[in-house]
Novice: 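I have a structure here, written as structure tokens, and I will follow up with some questions on it.
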Amino acid sequence: MQPFTQNVINVIRNIPEGRVMTYGQIARVAGSPRAARQVVRVLHSMSKKHHLPWHRVVNSKGQISIKEDDSYHEQLLSLESEGIEVGKDGSIDLGKYQYFPE
DNA sequence: AACATGACGGACA
DNA sequence: GTGTCCGCCATGT
């Protein structure tokens with residue numbers, strides 16, 4: 001496994017409840033600014049093995065990036081249960097909920 | 001090795 | 001705001 005992948009997992013694990021981070025942001029924090037797509041890949045492989053708050057990850061527009069299927073619904077409910085306001089189109093106010101790690 | 005894929009992002013019309 | 005195009009980079013076939 002690439003060290004970057006491990007970093008991504010750590011970053012995601014550190015997102016506080018009630019906050020979100022974007023794919024690109026996670027990629028930057030993990031050390032590879034343009035690896036947003038690898039973050040996506042990590043989420044895919046991790047959702048099966050690791051216990052991570054993947055639902056706190058949204059795209060740069062502050063929206064849920066999944067098709068309106070089961071996973072989408074799961075993410076929506078998870079976010080709302082943490083107190084995050086999610087628009088009907090899956091939009092979130094990043095200025096209000098985005099988390100910036102130190 | 002070549003080509004396709006993806007829960008992305010930024011630039012531009 | 002919407003749609004198109006192109007860059008990114010690990011994986012899968």
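First the proteins, then the strands, lettered A, B, ... as listed; each starts at 1. Quick note: numbers below take in every heavy atom, side chains included, and nothing from hydrogens, waters or symmetry partners.
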Novice: Sub-3.5 Å donor-acceptor pair from the side chain of Y99(A) to the main-chain atoms of G18(A), do we have one?
Specialist: no
Novice: Determine whether more than 12 heavy atoms belonging to other residues, nucleotides or ligands lie under 6.0 Å from atom NE2 of H73(A).
Specialist: no
Novice: Near E80(A) CD, under 6.0 Å, is it more than 12 heavy atoms from other residues, nucleotides or ligands?
Specialist: yes
Novice: Ignoring the backbone of R34(A), work out which of dG9(B), dA7(B), dC9(C) is nearest its side chain.
Specialist: dC9(C)
Novice: Between I9(A) (CD1) and dA10(C) (C1'), how many Å, whole number?
Specialist: 14 Å
Novice: In whole Å, I'd like the distance from the CZ atom of R41(A) to the P atom of dA4(B).
Specialist: 16 Å
Novice: Donor-acceptor pair under 3.5 Å: do we get one between R37(A)'s side chain and the base of dG7(C)?
Specialist: yes
Novice: In this structure, how many angstroms lie between the C1' atom of dA7(B) and the CD1 atom of I66(A), rounded?
Specialist: 5 Å
Novice: For the pair made of CZ in R28(A) and P in dC8(B), what is the distance, rounded to whole Å?
Specialist: 15 Å
Novice: Keeping Q75(A) on the side-chain end and V57(A) on the backbone end, is there a donor-acceptor pair under 3.5 Å?
Specialist: yes
Novice: Can you list, in residue-number order, the parts of residues 53-64 of chain A that come under 4.0 Å of DNA chain B, counting heavy atoms only?
Specialist: W54(A), N59(A), S60(A)
Novice: Is the shortest side-chain N/O distance from H44(A) to OP1 or OP2 of dA7(B) below 4.0 Å?
Specialist: yes
Novice: Take atom CG of L52(A) and atom P of dA7(B), then tell me their distance rounded to the nearest Å.
Specialist: 18 Å
Novice: Assess, by modelled atom type and distance only, whether the side chains of Q38(A) and Q2(A) contain a donor and an acceptor separated by less than 3.5 Å.
Specialist: no
Novice: Return the nearest nucleotide to the side chain of A36(A); candidates are dG9(B), dA10(C), dA7(B).
Specialist: dG9(B)
Novice: Would you please name every residue forming a side-chain hydrogen bond (donor to acceptor under 3.5 Å, both in side chains) with T5(A), sequence neighbours left out?
Specialist: none
Novice: Could you state the CD-C1' distance from Q38(A) to dC9(C), rounded to the nearest angstrom?
Specialist: 4 Å
Novice: Could you tell me the separation between the CE atom of M46(A) and the P atom of dG6(B), rounded to a whole number of Å?
Specialist: 19 Å
Novice: With distance as the sole test, does D69(A) use its side chain to make a donor-acceptor pair with the main-chain N or O of Y72(A) at under 3.5 Å?
Specialist: yes
Novice: What is the distance, rounded to the nearest whole Å, between atom CG of L43(A) and atom P of dC9(C)?
Specialist: 19 Å
Novice: Is there a donor on the side chain of Y23(A) or the base of dA7(B) sitting less than 3.5 Å from an acceptor on the other?
Specialist: yes
Novice: Taking the side chain of A35(A) as its heavy atoms from C-beta onward, which of dT11(C), dC9(C), dG6(B) lies nearest to it?
Specialist: dC9(C)
